[in-house]
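For reference, the structure is listed below as structure tokens.
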Amino acid sequence: MGKGQSSDAKRKTIIAGNWKMNKTVSEAAALTKSIVEGLATELKGEALPEIVLCPAFLCLAEVLNQVKGSPCKVGAQNMDYRDSGAFTGEIAPPMLTAMHVQYVLIGHSERRQFFGETNESVNLKVKAALAHGLTPVMCVGELLEQREAGQADDVVREQVVAGLAGITAEQIAQDGGARIVIAYEPVWAIGTGKNCESPEANRVCGLIRAIVEELYSGTNISAGTSILYGGSVKASTIDEQMQQEHIDGALVGGASLKAEDFLPLIKGGAKRLKSFSHA
Ligand code: PGA
């Protein structure tokens, strides 16, 4: 058993759908309804992974309404780190918690690329999420040029270390595990159909776990942190991905927009639960 693999550590297998800037309120309601119905029929009686649906802000209320009584959880795609104030167009953490949103994506590469998100703002938002009882899904991953220049590991290390800067084990610890999720999403694999090969994705997810272990050695944090892979995950790739030691689930974009594409990914997560005792 390697570092960060203590037998008593609990970490969840998570299948999260990032709907990005897609779906109107009524379309989001319909998609949620078909996912919930699909779970009740196709996966009836099965132990399920944690399922997290991340619609646009405007659709959160409707999706929360539709998931009532189902195993699905709901996450936001972003938030501001401040509690309130004159920040036109922003959404504050207490607005999310008041609605019972449980997860929040932080630092998705599209936020970093198009909306000026930096390692520093990611760090402020991760701290704010933890302070408000939300589970942050902190996204990291290198650009194609960085991978080609052999800098992938350094970039990921810097993003993980900077994103977690100043955050104590006590702030993250929860129920013998950790209330933080890290998603490794190589930018060149997002929305491109180009999948990062599973052994390589596993290697980088393992590196992330080792970095978390360096930061929080002597605790259960690294063994309790769910580390997801994201980037063109689909039905044909999920089984192999879910067999990897360090890939605890998937953050899915394109294949989360239709129930018939997303349900097989949840099935992939359910299979992992059967084969990994820590999941
Ligand atoms: P994709 O997106 O599955 O469409 O590649 C993943 C993501 O951006 O989270």
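Everything numeric here is computed off the predicted structure, so don't read it as measured data. Remember, it's 1-based here, ligands and their atoms both numbered in the order they're listed. All values below were derived from every heavy atom in this structure, side-chain atoms included, with hydrogens, water molecules and symmetry-related copies excluded.
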*Check each of R209, K12, E50 against D248 using the side chain to side chain contact (heavy atoms under 4.5 Å, CB included) test, and report the only one that passes.*
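Single side chain to side chain contact (heavy atoms under 4.5 Å, CB included) partner of D248 among R209, K12, E50: R209.
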
*Thinking salt bridges, do R157 and E214 make one under a 4.0 Å N-O criterion?*
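Between E214 and R157 there is a salt bridge, with a charged N closer than 4.0 Å to a carboxylate O.
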
_Under-4.0 Å salt bridge between R112 and E185_ =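 Looking at R112 and E185, the cut-off is not met.
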
_Can you tell me which portion of A189 lies within the under-4.0 Å heavy-atom range of ligand 1? Options are side chain, backbone, both, or neither._
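The answer is the backbone.
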
At a 4.0 Å threshold, what atoms of ligand 1 neighbour a non-hydrogen atom of [X]?
X	result
N18	9 (O)
G231	5 (O)
H108	7 (C), 8 (O), 9 (O)
K20	2 (O), 7 (C), 8 (O)
G191	1 (P), 4 (O), 5 (O)
S232	1 (P), 3 (O), 5 (O)

What is the nearest protein non-hydrogen atom to [atom], stated with its residue, atom name and distance?
atom	answer
atom 4 (O) of ligand 1	G254 N, 2.8 Å
atom 3 (O) of ligand 1	G253 N, 2.8 Å
atom 7 (C) of ligand 1	E185 OE2, 3.2 Å

*Checking Q146 side chain against Q151 main chain: does a donor-acceptor pair fall under 3.5 Å?*
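No.
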
*asked:* Using side-chain heavy atoms (C-beta onward) and a distance below 4.5 Å, is M79 in contact with H132?
replied: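 No, side chains not in contact.
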
*Measure the shortest side-chain to side-chain distance between E142 and Y184 over non-hydrogen atoms and say whether it is less than 4.5 angstrom.*
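Side chain of E142 against side chain of Y184, heavy atoms only: contact under 4.5 Å found.
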
*Evaluate the side chain to side chain donor-acceptor pair (under 3.5 Å) criterion for residues S121 and E117: first the C-alpha distance (whole Å), next the side-chain angles of each, then the deciding distance (0.1 Å), finally the verdict.*
CA-CA 6 Å; S121 63; E117 195 87 77; 2.6 Å; yes

